[in-house]
Amino acid sequence: FTLDEGLSRAVAQVFIHLYDKGLIYRGHRIVNWCPSCKTSLSDDELEWNETEGSLWYIKYKIKGEDEYLTVATTRPETVLGDTAIAVNPKDPRHKKWIGRTALLPILEREIPVIADPHIDPEFGTGIMKVTPAHDANDFEIGRRHDLPELNILNIDGTLNEHAGKYKGLDRFEARKQLLEDLQKKSQLDKTEKYHLVLGTCYRCDTIIEPYLSDQWFVKMSELAKPAIEAVNSGKIQFHPSYWSKTYLHWMDNIRDWCISRQLWWGHRIPVWYAPDGKMFVSVDRPTAAECPGYDPAALVQDEDVLDTWFSSWLWPFSTFGWPDKTPELDKFYPTKVLVTASEIIFLWVARMVMAGYEFMGAAPFSDVYIHGTVRDERGIKMSKSLGNGIDPLEITEKFGADTLRISLTLATPDGQDPCIGRNTFEVGRNFVNKLYQVSRFVMMRLDGRTPVVDTIDRTDLVIFDRWILSRLTQTITDVDTALTEYRLSAASKILYNFVWEDFCSWYVELIKPDQPGAVIRAGSLNVATYVLDKILKLLHPFVPFVTEEIYLQLTADMPGAPETITFGPWPKADSSLLNPSLEADLKQIQEVVTAVRSIRSELNVPPGKKSDLHVRVKDEILGELLRNHVEYFRSLARVEKLVCGAEVKKPPMSASAVISGAEIFIPLASLIDLEVEKGRLQKELNNLRDLLEKLSRKLANPDFLAHAPEDIISKERAKKEDYEERIEKLNRNLEQILGW
RNA sequence: GGGCGGUUAGCUCAGCUGGUUAGAGCAUCUGCCUUACACGCAGAGGGUCACUAGUUCGAAUCUAGUACCGCCCACCA
């Protein structure tokens with residue numbers, strides 16, 4: 001907590017360090033002042049109300065001429081605090097007046113006519129009055145041109161001695177009288193209705209007044225240098241990297257930091273004032289020796305407190321006891337990753353980097369991960385004030401903490417903001433349930449056998465076992481890559497797909513024995529358990545509670561198992577398990593199974609009814625693959641009898657499908673609907689013909705053949721051959737049907 | 001006004017260095033209470049990749065501009 005004693009001392013020390021170095025100074029700044037509450041307000045404490053106001057056009061006489069410059073203002077009483085008239089240097093209408101002297105109406109004070117690019121020639125008359133003490137923007141102009149900052153207000157909103165005859169009047173009464181006087185002197189050119197937005201005090205509704213006050217500042221340009229260099233050189237990296245642009249743009253244009261706040265809660269500014277105004281900078285009340293010639297008891301500490309970020313920017317080291325050299329500081333500074341939101345890149349991140357270099361001599365971290373900000377379904381950032389948020393506790397209550405976590409991870413585009421609604425969380429809820437169910441299945445099918453999760457018996461593997469191990473290996477590699485690149489959502493999606501598709505939909509279904517309740521082959525069960533263990537560990541960062549629970553159940557009877565999943569090692573990719581050609585073989589089996597399912601579904605074959613499967617293969621390797629493993633996919637494809645080989649003939653009255661490298665026939669006699677089957681084949685035929693046409697055009701283009709790389713051309717040629725082959729087969733099958 | 005993102009199926013998003021029949025989940029439609037899961041299984045439909053111009057043999061992917069959405073910062077005499 002930054003208001004704890006140790007951290008408070010660090011804050012004061014830092015103030016003194018910067019003050020002694022000449023980097024902290026006292027200056028003027030425009031604040032929002034409430035004349036009723038007699039306090040300054042932060043921008044956040046203002047309420048902005050749209051009102052119908054007026055735009056008054058006031059004439060200023062040019063000294064020594066019979067000419068007038070007319071300016072438009074919404075606050076005529078500030079005329080009394082004007083210290084210049086300004087025009088745009090490029091404005092041809094008013095160029096000739098630059099450098100001349102104008103006379104303030106009523107008070108007849110002399111003020112210069114200056115040129116400043118800020119003035120918009122399109123607004124009003126293109127001439128602006130400059131009131132440095134009562135407008136933030138005019139203040140900036142005043143600084144640029146070294147204008148006097150003339151304060152005309154008292155703290156209660158009445159006018160002070162600089163207001164001449166209007167002294168003592170309330171600002172609005174003064175406005176009224178001034179306008180009347182101008183009218184009388186014909187110096188009020190005209191009045192227009194004007195729509196404006198007025199800042200008011202959130203407590204008392206009083207219109208706030210921009211007010212010049214004494215504030216403390218930190219000079220930033222020197223502090224910024226090493227912090228800019230750190231990001232430019234890559235010593236500090238943002239993830240995603242484009243956030244470094246935001247950081248650098250701000251740092252390159254950095255302005256001095258106003259660190260004093262007129263609040264009651266915060267670190268008090270460590271400055272003490274003697275009755276005569278003499279200043280002492282000190283953590284505690286100065287001792288007699290520290291303020292020679294003054295009575296320490298008579299010193300008064302500055303009433304203001306420090307900006308909250310003035311303590312937060314020290315956080316990476318103040319939390320470890322700095323400025324003392326503690327073992328914690330030694331061990332934990334610098335750290336590696338800072339995780340935060342983009343909206344505080346300036347407020348916090350940039351300042352921590354600057355403080356790190358200034359006080360520790362090194363950057364506080366090497367990587368800054370910027371996470372997304374939740375938005376609602378319309379894309380608007382969720383916030384308390386808009387009331388468009390979803391309460392995370394409500395989601396946790398309903399679906400569980402893991403669901404909240406994995407759902408947000410899955411839904412958040414890497415580096416961007418997720419738009420979420422209530423059903424965003426169903427995805428995660430379903431997934432966590434799926435994980436739990438499949439785990440339950442594996443554990444049930446242990447049938448009393450002790451699970452083995454650390455090793456696999458490589459002499460006892462079937463093709464599907466080796467396949468899932470290869471897929472697992474690839475998955476671990478992909479997840480590691482994604483995490484290394486700080487792509488959390490990508491990592492979670494890789495795992496989601498692996499678990500749901502590869503593991504649940506294919507592997508577990510393939511190793512299920514054909515007979516209900518039959519014991520699963522020991523080798524496959526070993527692999528299933530082994531893979532499940534790795535899944536739990538890979539998913540643990542995303543689904544912490546459920547993976548822990550399952551892990552403890554799975555390893556309950558396992559001698560020497562860690563007492564928590566977090567003590568287990570992160571899975572390593574074992575490249576000897578990777579087998580791309582095997583994955584390609586499996587893909588073919590999957591395609592056959594999918595084609596069969598598709599035929600059956602489209603022809604409305606009752607799920608309970610099994611059917612024979614005839615496969616004419618182009619290559620006997622596939623035939624063998626199918627024959628040898630039919631027992632595994634028999635139930636997936638509802639196969640009664642399998643006939644496959646290069647010479648297989650199409651059985652009469654059978655439905656067909658053509659995939660790359662094979663033709664599939666299912667004899668369906670009574671079940672087949674001629675029209676439906678014709679439609680199916682025709683549709684596929686049309687699809688392939690379109691593709692072939694496009695491809696043929698491409699391959700007939702001499703420019704393509706001349707410029708495209710060889711491997712692309714041969715790939716396209718192979719594709720063409722495949723299309724032609726499939727079209728021919730489809731044609732034959734279609735002709736046969738037409739002959740029925 | 002400045003800076004930075006985004007725009008791909010009805011919705012939420014993948015698509016990394018240009019060559020895939022542009023993918024997934026939700027939603028929709030069809031059929032299923034099939035040995036863990038109906039929070040499920042299988043199948044299907046659905047996209048001129050915001051628009052315009054350019055670079056290229058080839059653009060969802062690169063460049064420029066336009067429009068719209070959003071975030072941060074500044075400002076509105």
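The analysis underlying the following values was restricted to heavy atoms, covering all of them including side chains, and did not include hydrogens, waters or symmetry mates. In what follows, every chain begins at residue 1, and chains take the letters A, B, ... in the order their sequences are listed.
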May I have the distance from A:E591 (atom CD) to B:G43 (atom P), rounded to whole angstrom?
13 Å
I'd like the C1' distance from B:G40 over to B:U34, given in whole Å.
11 Å
For B:U21, take OP1 and OP2 only and decide whether either is under 4.0 Å from a side-chain N or O of A:K720.
no
On RNA chain B, does the nearest nucleotide to A:Y496 precede the nearest nucleotide to A:E377 from the 5' side, or the other way round? Give the residue.
A:E377
Does a side-chain N or O from A:W500 land closer than 4.0 Å to OP1 or OP2 of B:C41, or not?
yes
Below the 4.0 Å mark, does B:G40 have OP1 or OP2 next to a side-chain nitrogen or oxygen of A:N430?
yes
Can you say whether a donor on the side chain of A:R638 sits under 3.5 Å from an acceptor on the base of B:U34, or the other way round?
no
Flag the pair A:K381 and A:E343 as a salt bridge only when some basic side-chain nitrogen lies within less than 4.0 angstrom of an acidic carboxylate oxygen.
yes
Atom-to-atom span, CZ of A:R175 to P of B:A77 - whole angstrom
12 Å
Would you say A:M251 and A:V231 make side-chain contact, with heavy atoms under 4.5 Å?
no
Does a side-chain N or O of A:K434 approach OP1 or OP2 of B:C41 to a distance below 4.0 Å, or not?
yes
Taking only the side-chain nitrogens and oxygens of A:R717, find out if one of them lies under 4.0 Å from OP1 or OP2 of B:G19.
no
Is there a donor and acceptor pair, one atom on the side chain of A:K512 and one on the base of B:A36, closer than 3.5 Å?
yes
Rounded distance in Å - CZ (A:R597) to P (B:A44):
11 Å
Whole-angstrom distance between B:C62 and B:U17, as gauged at atom C1'
11 Å
Applying the Watson-Crick and G-U wobble criteria at under 3.5 Å, what pairs with B:G40? Answer none if nothing qualifies.
B:C32
A:Y486 vs A:H239 aromatic rings, parallel, tilted or perpendicular, using cut-offs 30° and 60°?
parallel
Please determine if a side-chain N or O atom of A:K719 lies less than 4.0 Å away from the OP1 or OP2 oxygen of B:U20.
no
Using OP1 and OP2 only, check whether a side-chain N or O of A:S505 sits under 4.0 Å from B:A42.
yes
Centroid under 5.5 Å and tilt under 30°, A:F704 to B:G58
no
5'-most by nearest nucleotide on RNA chain B - A:W243 or A:D722:
A:W243
Looking at A:R680 and A:E677, does any basic side-chain N land under 4.0 Å from a carboxylate oxygen?
yes
Between A:R634 and A:D514, does a side chain to side chain contact (heavy atoms under 4.5 Å, CB included) hold up when you go through it step by step?
CA-CA 8 Å; A:R634 183 182 291 286; A:D514 210 22; 3.6 Å; yes
Considering Watson-Crick and G-U wobble pairs with both distances under 3.5 Å, what does B:U7 pair with?
B:A67
A:H249 atom NE2 is separated from B:G5 atom P, nearest whole Å, by 12 Å
Identify the nucleotide, in any strand shown, that forms a Watson-Crick or G-U wobble pair with B:U21, with both distances under 3.5 Å; if there is none, say none.
none
Output yes when at least one side-chain N/O atom of A:H707 is less than 4.0 Å from OP1 or OP2 of B:C57, else no.
yes
Salt bridge check: are A:K720 and A:E716 linked by an N-O gap of less than 4.0 Å?
no
For B:A44, does either OP1 or OP2 sit under 4.0 Å from a side-chain N or O belonging to A:S598?
yes
State whether A:W56 and A:R175 meet the cation-pi test: NZ (Lys) or CZ (Arg) under 6.0 Å from the six-membered ring centroid, and within 45° of the perpendicular axis.
no
Quick one: A:K245 NZ to B:C72 P, roughly how many Å, whole number?
19 Å
Base-pairing assignment for B:G1 (Watson-Crick or G-U wobble, both under 3.5 Å)
B:C73
With both distances kept under 3.5 Å, what pairs with B:U61, Watson-Crick or G-U wobble?
none
Think A:K715 has a side-chain N or O under 4.0 angstrom from the OP1 or OP2 of B:U20?
no
When you compare B:G46 with B:A22, how far apart are their C1' atoms, in angstrom units rounded to a whole number?
13 Å
Between B:C4 and B:A64 - P atom distance, rounded Å:
12 Å
Check whether any side-chain N or O of A:Y723 sits under 4.0 Å from OP1 or OP2 of B:U21, and answer yes or no.
yes
Round to a whole Å and report the spacing from CG of A:D417 to P of B:C69.
17 Å
Pair of N/O donor and acceptor under 3.5 Å linking B:A74 base with A:E140 side chain:
no
Distance between C1' atoms of B:U20 and B:A14 (Å, rounded):
14 Å
Distance-only donor-acceptor test, A:R726 side-chain atoms vs B:U21 base atoms, 3.5 Å
yes
Atom-pair distance (CG on A:N687; P on B:G45), nearest Å
10 Å
From CZ of A:R440 over to P of B:C37, roughly how many Å is that when rounded to an integer?
6 Å
